[in-house]
There are 4 protein chains.
Amino acid sequence: MARRPPTKPRKNASQARSRATVDALIEATARILVREGFEKTSTNRIAEIAGVSVGSLYQYFPSKEALVAAVIDRHNDEIMQIVRAAFVEVAEMPVEKAVRRLVTVAIEAHHIDPNLHRVLAEQIPRSGRLAEVEAFNHEVHALVRAYFESRRKEMRKIDLDMATFICVSAIEAVAHNTVLHQADMLSDKTVKVLVDETTRMVAGYLRPSA
Amino acid sequence: MARRPPTKPRKNASQARSRATVDALIEATARILVREGFEKTSTNRIAEIAGVSVGSLYQYFPSKEALVAAVIDRHNDEIMQIVRAAFVEVAEMPVEKAVRRLVTVAIEAHHIDPNLHRVLAEQIPRSGRLAEVEAFNHEVHALVRAYFESRRKEMRKIDLDMATFICVSAIEAVAHNTVLHQADMLSDKTVKVLVDETTRMVAGYLRPSA
Amino acid sequence: MARRPPTKPRKNASQARSRATVDALIEATARILVREGFEKTSTNRIAEIAGVSVGSLYQYFPSKEALVAAVIDRHNDEIMQIVRAAFVEVAEMPVEKAVRRLVTVAIEAHHIDPNLHRVLAEQIPRSGRLAEVEAFNHEVHALVRAYFESRRKEMRKIDLDMATFICVSAIEAVAHNTVLHQADMLSDKTVKVLVDETTRMVAGYLRPSA
Amino acid sequence: MARRPPTKPRKNASQARSRATVDALIEATARILVREGFEKTSTNRIAEIAGVSVGSLYQYFPSKEALVAAVIDRHNDEIMQIVRAAFVEVAEMPVEKAVRRLVTVAIEAHHIDPNLHRVLAEQIPRSGRLAEVEAFNHEVHALVRAYFESRRKEMRKIDLDMATFICVSAIEAVAHNTVLHQADMLSDKTVKVLVDETTRMVAGYLRPSA
DNA sequence: TATGAATGAGTATTCATTCAT
DNA sequence: TATGAATGAATACTCATTCAT
């Protein structure tokens, strides 16, 4: 196992000023990551953009990786907030309506900051945040599985983990590729058809055969 | 636009000795990429592992990126060979059988060298090979679409591009995530179920509703 | 057109410590240039001699060329200070006295650091300082021409630019070659004769014919 | 003393083919030196342009420096031929006419291949040809001095070495600077005035005072 | 607590030269 | 004798990190 740099923030930033500095640093990192790419994202540049000295940067983050990790965490938190809210909404819905809502939310979530999303996706393996991202995936899996479990009687007999794996993979992939090929398909109508079709595929898959 | 290093090979290496050197360099790059990650992949290290001098490396490759690009190209060629063969096989099959075969092939293709696949996936955006990989994706899309077109009468009425996009995304995602979570699901039986289920989802989606 | 490395200094180095570092780097560059020649003048060696890290070097100078350029600028400034002072002195003098003074000053100026002068002369074309050196030449030309203009009535009728070009070339060449062949002619008496003779040639050239 | 690479050609190139190869190599070196600058002048490039393999290059020249030295020698020989011929011509002329002729020849000689002249001038100190170039200068000095000696009675009383040094410096400088600033002064008329004026200065300097 | 000057190991790349074929 | 593939020491330059002020 390669030794990784530390990635935990150095203090709790209790005071408001500290908090502001930390935010500025994370924001600066995200911006440079998106606008100039990972190679150009140096700690000195981050500090400069954040309007802070490098010394201060290292007061709050023990390494460059810690900063990238913080950006990943922030982004994941934003997405998870949307996702969790969606599952609350969806809990009472029948399967097809629920799937449609979840597909829509998946696409929306991927569109929060598509460029950042793309850059982070590339950095996750090196970010020391693999565990957190896996945890994120597990939570999504668990939420879907729990919903499926609660709707078991409306669905055909099926291994719930397997079904969850396949449905999450499919929905996530459609959302992800839609972001990547954004140029090709952005009209509202196209998105609607996309949601319709994806919903049809997933809901059809779950529904008891006639 | 960030300027990229050149990635075209420098010589055609027609002679046997040259060819061996080039192969050794590509192989060494792939190995280090997998075993030590992109950051540790320095040109001097590649040359060392290939049993060749740095000078020779630069005789055949104008930059580090050119080497990574060569690895990507080689890997893509391997996969495309499998994929193209599969479509020849599948041409005469009915939809469900065809989908089953394609799902199987997708998973197999992703297993050729899963670790390399993972590392390369991360490097593609920086490799100057985006265009080639997109071409690869386009070819896959075209092959699938052509097959769908030829089986139109067995399928429901549907926008073929949309259907292709969704089916390819779904199948590719299942295969990809299967590789990522290989630890969890590797038993032959599990794989069989996985193929069955994915086939059911995709074939069901394409089939005319009862 | 060949692209050149940047030669503008990176920071203004206002603080005392910075200023000392910058001076040490310029001084070290000048020394190595003189003692070991341009080929041996590597940035790591410059930093070492300056008692500073390479990193610091690059904090203040964006390239090796920038350092050479700084040495050239410093040397030119030293010379121009002497030259400008000489023209202030000379303004009120009659032609022959003025020429004698200027010849003397030219030789003195070339003797400030003859070895450095020689090395720099070779590097100017590659230094990105051609423009500055040309500006220097233009200033000298302008000063001489202005003096000539102010003394027109003591001189024969003549194209002032042409006369300036020829006189400056001649005086400069005598001074320059004197430095190059310093071993041969350094006695005070020899120098006096040299100044007498050069003055005779130039002043004679400018004087109205009898 | 820094150790220098060897600069003597490796064989006498008795055979015609060898001679052709040697010439091609020298010519290629000169061309690259002029067209791409000293930095780009690599032995591999020279061999390529000469249409010869690097191996062959090293069969005839023991080092890169030897090639540059050969170019310098060739250029000097060309100039010396002109200069020697001029002194034969001039031997019977009276001083002013002779000076005029020599000034003209100096300018012509500097124009043989001005760009090559410039590049070589920069490389001489590093070429191991300093001695040869000094010998060249000595020969010029000797020729001028011999002429002066033969015309002593037409000239004022004067230290001949000193006079030679000053006159040669002045004429050479005018010719050299004329080449450097070629853009500014190239019309036939301008050159004529230049020759007239320089001749006036030098001849006036040598002439007994009225 | 903040600053930013200083550090130096590490990286990609070049090019004169050699030598097996 | 010619070839050109191979060599590898050397060089410019970057950037995460430290620490004196």
Side-chain angles (χ1 to χ4, degrees), chain A residues 5 11 15 17-18 21 39-48 52-67, chain B residues 5 11 13 15-22 39-48 51-67, chain C residues 5 11 13 15-22 39-48 51-67, chain D residues 5 11 15 17-18 21 39-48 52-67:
Chain A
K11 19 171 143 175
Q15 295 159 21
R17 186 134 86 101
S18 302
T21 301
E39 329 284 12
K40 293 273 173 85
T41 307
S42 69
T43 48
N44 281 291
R45 184 112 183 79
I46 293 171
E48 188 191 339
V52 155
S53 70
V54 222
S56 292
L57 182 157
Y58 279 91
Q59 210 118 74
Y60 294 106
F61 295 91
S63 71
K64 185 188 172 181
E65 279 73 16
L67 272 159
Chain B
K11 304 190 182 181
Q15 296 173 21
R17 185 137 84 113
S18 305
R19 187 68 229 162
T21 301
V22 166
E39 330 284 10
K40 293 274 170 86
T41 305
S42 71
T43 49
N44 283 293
R45 185 117 183 76
I46 292 172
E48 188 190 340
V52 151
S53 70
V54 223
S56 290
L57 184 157
Y58 278 94
Q59 204 132 85
Y60 296 107
F61 296 93
S63 70
K64 184 186 168 181
E65 280 72 16
L67 273 159
Chain C
K11 303 189 181 181
Q15 294 174 20
R17 186 137 82 113
S18 306
R19 186 68 231 163
T21 300
V22 166
E39 330 284 11
K40 294 274 171 83
T41 306
S42 72
T43 49
N44 283 294
R45 184 116 184 77
I46 292 172
E48 188 190 338
V52 153
S53 69
V54 222
S56 290
L57 185 159
Y58 279 94
Q59 204 131 84
Y60 296 107
F61 296 93
S63 71
K64 185 186 168 180
E65 281 72 16
L67 272 159
Chain D
K11 20 172 144 177
Q15 296 159 20
R17 188 135 85 100
S18 302
T21 303
E39 331 283 12
K40 294 273 173 83
T41 306
S42 70
T43 49
N44 282 291
R45 185 113 183 79
I46 292 170
E48 187 191 340
V52 154
S53 70
V54 224
S56 292
L57 182 157
Y58 278 92
Q59 210 118 72
Y60 294 107
F61 295 92
S63 71
K64 185 188 174 182
E65 279 73 16
L67 272 159

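All of these numbers come straight from a predicted model, not from anything done at the bench. Convention: sequence-line order gives letters A, B, ...; per-chain numbering from 1.
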Just the atom pairs and distances: protein N or O near nucleotides 19-21 of chain E's N or O, under 3.5 Å.
none

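- The distance between atom CZ of A/Arg45 and atom P of F/dT17, rounded to the nearest whole Å, is 18 Å.
- One atom, NZ of A/Lys40, and another, P of F/dC15, lie 9 Å apart when rounded to the nearest Å.
- Within 4.0 Å (heavy atoms only), D/Thr41 reaches sugar-phosphate atoms of the nucleic acid but no base atom.
- For the pair C/Ile46 CD1 and F/dC13 P, the computed distance is 10 Å after rounding to whole Å.
- Of the side-chain N and O atoms in D/Tyr60, none sit less than 4.0 angstrom from OP1 or OP2 of F/dT1.
- Between A/Ser53 and the phosphate of E/dT3, there is a side-chain N or O to OP1/OP2 separation shorter than 4.0 Å.
- Between the side chain of C/Lys40 and the main chain of C/Arg45, no donor-acceptor pair closer than 3.5 Å is present.
- For B/Ser42, there are no side-chain hydrogen bond (donor to acceptor under 3.5 Å, both in side chains) partners two or more places apart in sequence or in a different chain.
- Comparing F/dA12, E/dA16, E/dT7 by their nearest atom to the side chain of C/Val52 picks out E/dT7.
- C/Ser56 is linked by a side-chain hydrogen bond (donor to acceptor under 3.5 Å, both in side chains) to C/Ser53, counting only residues two or more places apart in sequence or in another chain.
- For the strand DNA chain E, secondary-structure stems (runs of at least three Watson-Crick or G-U pairs, all distances below 3.5 Å) span E:2-21 with F:2-21.
- Following rounding to the nearest Å, B/Leu57 (CG) and F/dA6 (P) show an atom-to-atom distance of 12 Å.
- The two residues B/Leu57 and B/Thr43 make their nearest non-hydrogen contact at CD1-O, 3.4 Å.
- Under the side chain to side chain contact (heavy atoms under 4.5 Å, CB included) criterion, D/Thr21 pairs with D/Leu25, D/Val52, D/Tyr60, sequence neighbours left out.
- For the pair B/Ser18 and F/dA5, the criterion of a side-chain N or O lying under 4.0 Å from OP1 or OP2 is not met.
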request  = Check step by step if side-chain contact (heavy atoms from CB on, under 4.5 Å) holds for D/Leu67 and D/Lys64.
outcome  = CA-CA 5 Å; D/Leu67 272 159; D/Lys64 185 188 174 182; 5.6 Å; no

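- Side-chain atoms of B/Asn44 lie closest to E/dT13 of the nucleotides E/dT13, F/dT17, F/dA12.
- OP1 or OP2 of E/dA2 lies within a sub-4.0 Å distance of a side-chain N or O belonging to A/Gln59.
- Using a 4.0 Å heavy-atom cutoff across all strands shown, A/Glu48 reaches no nucleic acid atom at all.
- One atom, CD of D/Glu39, and another, C1' of E/dA16, lie 15 Å apart when rounded to the nearest Å.
- Neither OP1 nor OP2 of F/dT11 sits under 4.0 Å from any side-chain N or O of C/Thr43.
- Using a 4.0 Å cut-off, some side-chain N or O of C/Thr21 falls inside it from OP1 or OP2 of E/dA6.
- Separating the CZ atom of C/Phe61 from the P atom of E/dA5 is a distance of 14 Å, rounded to the nearest angstrom.
- Heavy atoms of B/Ser56 sit under 4.0 angstrom from at least one base atom.
- Summary of the strand contacts: B/Ser42 and C/Gly51 both lie near DNA chain E, and taking for each the nucleotide with the nearest heavy atom, the more 5' one is attributed to C/Gly51.
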